[in-house]
Amino acid sequence: MMEDDDSRPLLSSEYIGESYSHRGSTDTLDFRVKRPFHVEPRNIIKNDPQERISARAAILNSRLSYYGKLTGSSDALLRPPNHVILPPEEIYIYSPLGTAFKVSDGSQGSENPSIITIFAIWNTMMGTSILSIPWGIKQAGFTLGILILILIGLLMLYCCYIVIKSPKTITTEDTSNWEFPDVCRFYFGKFGQWSSLIFSMVSLIGAMVVYWVLMSNFLYNTGQGIYNFAHNISASDSEFGTNGSDRVICPFSKSNPGRNDTGSLFFPDKMGNSSDSASFDHYWSKTNTIPFYLIILLLPLLCLRSASFFARLTFFGTISVIYLIVLVTVKAVRLGFHLEFHWLDTSQFYVPEFRQFFPQLTGILTLAFFIHNCIITLMKNNKNQANNVRDLSVAYLLVGLTYLYVGVLIFASFPSPPLSKDCIEPNFLDNFPCSDLWVFAARFLLLFQMITVYPLLGYLVRVQIMGQIFGKHYPSFFHILFLNIIIVGAGVVMARFFPNIGVIIRYSGAICGLALVFLFPALIHMISLKQQGKLTWPSAFFHSFLIVLGVANLVAQVFM
């Protein structure tokens, strides 16, 4: 019996058989059972003296082990005295990131006030989907698009609420350290755990593909803008764009649907050289060359053992979103509103208020409001757990208002006439020329942000896939290289042959949303209610309807 106790991790006996979803987490440690944990200096990547575990920690670790052999933990007389337990500043755990992390006092360090929790949810949920919201509203129709955005936001909020409370419905086990995949494993066995992992991978890899397409787009337009400025190349007056300082373009006009190059919107003036421009266009193409150039930069970054450096740069995401909001506001003020309401009929410059393509918006919004696979972690650190529902609701309200603000202003201010509302692109920044300084800065900020976030997404994919298959996050360099080549290859293929982020977002959103938003949460909620004898017919009907909505959302994407 003593040998079994001796072999357990000193930090907590609860970590035996832990799942991939909470390995290495410093926020889930119970300080009533904390113990010194010695990390050999060779296991700390940087070997920074301040990161080394002190010799005193190793000595006290041995002393604690001695006390543990005297008697069982149920005997209070011979429990280790307080002076044997290390103070919080000397307790470390080994992280999958390859560094030693301090364990903060659970009563102080890891608890966040409501405002921080709300902002963290908003910041996590704000992603590339915001660029496609105006296009989605255009596909659904202005009035129907606003109604759908509000309705999907409410449904996603409710399903997220189910996910948060799902661990608390399990009374037979300690679920304090559980994540949603662990809950799925409890109710559905290995099938639930693996299927939740697979659908989570769909959302992550889908996001990485979208990032590759957008990085190719932003890098192309950034380089094109610098080239045009250096060679004094200006935008031409064209039937595909407006005139004036706030120029708006229609890259894929109905009159020329096969066009796939914005280069024709520019012409060399007297100081330009047409042969130089043709040579530049040959080596600087949005689809033919740029996606391959990114491999040189990003593939080595993906293979790094630790992604901690990039984690420190995630604040650029907040800066980029705030800048986008400012950009949209400035453009709307300068362009003014251009709206006419045609409820069912199509006009030359305006789309109907209700269109049959609305499932394309529902697919985008499923990913835009998706945070269900990590919401338990985010809410676990909330200082007042009684406010979780309120804080989650406020965060979803802010996210919904942000999407509404960007989507409505871009759609309403799009200059119709002379351009049709159908010209709004899946990435609304494509409706502005690369010579626009405001948009140039937005593209540059987003490009830098995505270059820092992309390795983090790859790290999450690696940890979850390799952890499940091989039991370790970095089995070997060649395993990681093979996985990264597959991920990068998917991004290059899509950026080369189908660079439409709207379609990619709506498909990945509908696929991962079916399982992690509608199917599993609704089933788990109904099963838990039935076990408690509280399942009613209205509740069963409503939650079954949620599952039907998830299936219909996915099927509808195929026919759009």
Side-chain angles (χ1 to χ4, degrees), residues 17-23 96 124 127 129 156 159-160 162-163 166-167 178-212 302 363-364 366-377 454 456-475 479-480 482-491 493-494 503-525 527 546-558:
E18 69 178 348
S19 72
Y20 72 90
S21 59
H22 52 267
R23 288 175 181 166
T124 304
S129 300
M156 297 286 285
C159 293
C160 202
I162 294 177
V163 172
S166 60
W178 282 24
E179 302 292 345
F180 191 58
D182 301 308
V183 179
C184 294
R185 181 190 59 194
F186 176 84
Y187 282 102
F188 308 112
K190 285 293 184 180
F191 170 78
Q193 182 180 3
W194 279 97
S195 57
S196 63
L197 172 66
I198 291 172
F199 285 106
S200 180
M201 289 299 97
V202 169
S203 66
L204 286 173
I205 296 177
M208 294 183 75
V209 171
V210 171
Y211 270 43
W212 200 276
L302 281 178
I364 290 174
T366 307
L367 191 63
F369 285 109
F370 181 72
I371 198 175
H372 301 62
N373 58 345
C374 63
I375 188 61
I376 294 178
T377 301
Y454 189 84
L456 285 176
L457 295 176
Y459 177 81
L460 293 175
V461 173
R462 176 211 309 175
V463 165
Q464 297 192 30
I465 291 181
M466 295 299 174
Q468 283 293 308
I469 297 177
F470 299 102
K472 54 178 71 173
H473 302 157
Y474 203 97
H479 286 86
I480 303 304
F482 179 74
L483 174 64
N484 291 335
I485 288 176
I486 295 177
I487 296 174
V488 168
V493 169
M494 296 303 291
V503 175
I504 303 172
I505 289 175
R506 66 184 178 91
Y507 268 102
S508 57
I511 292 172
C512 71
L514 170 62
L516 299 180
V517 175
F518 298 108
L519 180 62
F520 285 149
L523 285 178
I524 289 173
H525 186 68
I527 292 174
L546 288 179
I547 298 175
V548 173
L549 281 181
V551 174
N553 185 34
L554 177 58
V555 173
Q557 307 305 319
V558 180

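As the structure is a computational prediction, the values presented were derived from the model and not from experiment. Counting from 1, the numbers follow the sequence of the chain as shown.
- The shortest non-hydrogen separation linking Ser203 to Leu367 is CB-CD1, 4.5 Å.
- Between atom CE of residue Met201 and atom OG of residue Ser196 there is a gap of 9.5 Å, rounded to the nearest 0.5 Å.
- Pro167 and Ile376 make their closest contact through CG-CD1, 3.7 Å (heavy atoms, listed as atom of the first residue, atom of the second, distance).
- Rounding to the nearest 0.5 Å gives a distance of 10.0 Å between OG1 of Thr366 and CG of Leu549.
- To the nearest 0.5 Å, atoms CD1 (Ile375) and CZ (Phe370) are separated by 11.0 Å.
- Residues Cys159 and Leu546 approach most closely at SG-CD1, 4.1 Å, considering heavy atoms.
- With hydrogens and angles disregarded, no donor-acceptor distance shorter than 3.5 Å links the side chain of Ser200 to the backbone of Leu197.
- By the 4.5 Å heavy-atom criterion applied to side chains, Tyr187 and Leu523 are not counted as neighbours.
- The distance from atom CZ of Phe482 to atom CD1 of Ile485, rounded to the nearest 0.5 Å, is 8.0 Å.
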Which atom pairs, one a donor and one an acceptor, fall under 3.5 Å between side chains of residues 510-520 and the rest of the protein, sequence neighbours left out?
none

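- Pairing each heavy atom of Leu457 with each of Ala207, the nearest pair is CD1-CB, 4.3 Å.
- Among residues two or more places apart in sequence or in another chain, the ring pair (Phe, Tyr, Trp, His ring centres under 6.0 Å) test is passed with Phe369 by Tyr396, Tyr403.
- Atom CD1 of Ile486 sits about 8.5 Å away from atom CD1 of Ile465, to the nearest 0.5 Å.
- Taking each heavy atom of Ile480 and Pro475 in turn, the nearest pair found is CD1-CD, 4.1 Å.
- You'll find the side chain of Trp178 stays beyond 4.5 Å of the side chain of Ser166, heavy atoms only.
- The backbone N or O of Met156 lies less than 3.5 Å from a partner atom in the side chain of His372, making a donor-acceptor pair.
- Annotation: side chain of Ile524 is in contact with side chain of Phe180 (closest heavy-atom distance under 4.5 Å).
- Counting heavy atoms from C-beta on, the side chains of Arg462 and His479 never come closer than 4.5 Å.
- How far OG of Ser508 is from CD1 of Ile364: 9.5 Å, rounded to the nearest 0.5 Å.
- Here the side chains of Met208 and Leu302 are in contact, with some heavy-atom distance below 4.5 Å.
- Residues Asp182 and Phe186 form no side-chain contact, since every pair of their non-hydrogen atoms from C-beta on lies 4.5 Å or further apart.
- A donor-acceptor pair under 3.5 Å links the side-chain atoms of Tyr507 to the main chain of Gln557, judged by distance alone.
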